[in-house]
Amino acid sequence: MVLRVSDEDLSVAQTLLRAPVLAGWSMDDVRRRVEAGEIVDADGAPIDPDAPVVRPVPVYLYRDLPAEPVVPFEMPVLHVDERLIVVDKPHFLATMPRGAHVAQTALVRLRRSFGDDVAPVHRLDRLTAGVLLFTRRPDARAAYQDLFAQRRVAKEYRALAPADPALTAGIRVENRIEKDSGDLRARVVDGEVNAISDIALDSVRDDELGLYRLAPSTGRTHQLRLHMAGLGVPIVDDPLYPEVDRERVTASVDDFTRPLRLLAYSVAFDDPFTGERRFFTSGLTL
């Protein structure tokens, strides 16, 4: 976290204590954190809490990790080479730290095994499982990210939802999706198309649920979940679409027995460094 110290009438510590994120802290708390090396300047050196503020400067604060429920699922590694790591991310595990999810993320798990240079190439929603790519070296990340940005990665998802025989032949959904910061849900709005999904019913189970194949050409937040709900076949155990399940979304601990039945099943692309055709498939099922 970065706090910008800018009040020239106070010391660095006094200015820090004005920050809302440090509500409840005392001067002793600041001094203790400085002595522990948890409050530093841009060069990583401990700050002088009593120094007067002479100009706006960034101060870096290492926050305590929140108490996180453990996600009780393994994350198999599907592939490792000198540049790339491919994993089979389980449901409920975030791709990278955000909000209340820090240690229980795919990125932190991988960095503990492969070092701090590991970085995500793309992202899967926390509730979505499946194939997820990371790079091992900083100089490799941009090339793999460009594949996704230029839509040169063939992606296939699988989803479990009410069977609609009318979707057996497949349908393309094209619309504009927007999601505002702080909103739980994305929404379809008027305007230029930015979300495209090809969706087809693959098979029907005895309980009248269908297994669908979904091929998104774009990667908007909640795109497939919103498109499936819009077709009248919302994904099984989706807590947001078509209606918000308030009990589930406000629960302090996930119900691990009810995962969103959405799986990033496979990705395929030409490797930007070797030219080799890469194809990775999830070993998870719905």
Side-chain angles (χ1 to χ4, degrees), residues 1-2 4 40 42-44 58 60 62 75-90 93-99 101-157 174 176-181 186 192-198 214-225 262-284:
M1 175 174 57
V2 181
R4 187 159 291 277
V40 299
D43 295 323
Y60 294 80
Y62 293 86
M75 186 176 70
V77 175
L78 302 176
H79 171 84
V80 179
D81 62 35
E82 61 179 327
R83 299 184 182 91
L84 193 65
I85 304 173
V86 184
V87 302
D88 216 355
K89 187 187 83 67
L93 190 70
T95 297
M96 63 193 78
R98 182 180 181 185
H101 305 285
V102 180
Q104 294 297 307
T105 61
L107 179 59
V108 170
R109 286 192 183 185
L110 286 178
R111 284 185 171 177
R112 287 172 174 171
S113 299
F114 295 96
D116 290 342
D117 285 339
V118 174
V121 175
H122 62 121
R123 186 177 68 88
L124 291 178
D125 288 342
R126 189 176 69 89
L127 299 185
T128 303
V131 179
L132 183 61
L133 278 61
F134 293 80
T135 51
R136 297 187 67 179
R137 294 167 23 183
D139 60 358
R141 189 182 186 196
Y144 288 105
Q145 286 184 318
D146 284 346
L147 294 177
F148 285 86
Q150 297 171 14
R151 302 184 188 179
R152 292 162 54 194
V153 178
K155 297 173 288 184
E156 181 182 314
Y157 286 68
E174 298 179 282
R176 182 171 187 82
I177 291 177
E178 292 184 358
K179 185 179 183 298
D180 296 330
S181 177
E192 182 180 355
V193 169
N194 68 356
I196 303 171
S197 304
D198 290 298
L214 308 92
S217 301
T218 55
R220 309 301 299 183
T221 299
H222 295 180
Q223 175 178 319
L224 294 175
R225 298 165 66 179
L262 178 63
L263 174 66
Y265 178 71
S266 68
V267 297
F269 57 90
D270 293 330
D271 190 279
F273 293 96
T274 67
E276 177 187 358
R277 186 64 176 173
R278 302 277 201 169
F279 181 71
F280 301 108
T281 304
S282 173
L284 302 174

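We're numbering straight along the sequence, starting at 1. This one's a predicted model, so the numbers in the text were calculated from it and none came from an experiment.
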Tell me, do [X] and [Y] make a side-chain contact under 4.5 Å, heavy atoms counted?
X    : Y    : value
T281 : Y265 : yes
L84  : F273 : no
Q145 : T135 : no
I85  : V77  : yes
D117 : R136 : no
R109 : V87  : no
K89  : T95  : yes
N194 : I177 : yes

For the side chain to side chain donor-acceptor pair (under 3.5 Å) test, which of E174, Q223, R151 pairs with T218?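 Going through E174, Q223, R151 one by one, the side chain to side chain donor-acceptor pair (under 3.5 Å) with T218 is satisfied by Q223 alone.
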
Just how far is it from atom [atom1] of [X] to atom [atom2] of [Y], taken to the nearest 0.5 Å?
X    : Y    : atom1 : atom2 : result
S282 : E156 : OG    : CD    : 11.0 Å
L147 : D270 : CG    : CG    : 8.5 Å
L284 : L263 : CG    : CG    : 6.0 Å

For the pair M96 and T105, evaluate side-chain contact (heavy atoms from CB on, under 4.5 Å) and give the outcome as yes or no after the intermediate values. CA-CA 5 Å; M96 63 193 78; T105 61; 5.5 Å; no

Checking the side chain of [X] only, and the main-chain atoms of [Y] only, is there a donor and an acceptor separated by less than 3.5 Å?
X    : Y    : answer
R141 : P120 : yes
D116 : R111 : no
R278 : F269 : no

Kindly give the heavy-atom pair with the smallest separation between [X] and [Y], and that separation in Å.
X    : Y    : result
R112 : A103 : NH2-CB, 4.0 Å
Y157 : L224 : CG-CD1, 3.4 Å
L132 : A106 : CD2-CB, 4.2 Å
G283 : D88  : N-OD2, 2.7 Å

Using the side-chain contact (heavy atoms from CB on, under 4.5 Å) rule, take L127 and R225 through it: C-alpha gap first, then chi angles, then the decisive distance, then the call. CA-CA 11 Å; L127 299 185; R225 298 165 66 179; 4.2 Å; yes

Both conditions, 6.0 Å and 45 degrees, for the charged tip of R83 above the ring of Y144: are they met here?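 That pair does not qualify as a cation-pi contact.
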
Should the pair D125-R123 be classified as a salt bridge under the 4.0 Å nitrogen-to-oxygen rule?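 R123 and D125: salt-bridged.
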
Do the side chains of E82 and R137 get close enough for a salt bridge, i.e. N-O under 4.0 angstrom?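 Judged by the 4.0 Å cut-off on N to carboxylate O distance, E82 and R137 do form a salt bridge.
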
Audit row: M75, L110, side-chain contact (heavy atoms from CB on, under 4.5 Å) steps and yes/no: CA-CA 9 Å; M75 186 176 70; L110 286 178; 3.8 Å; yes

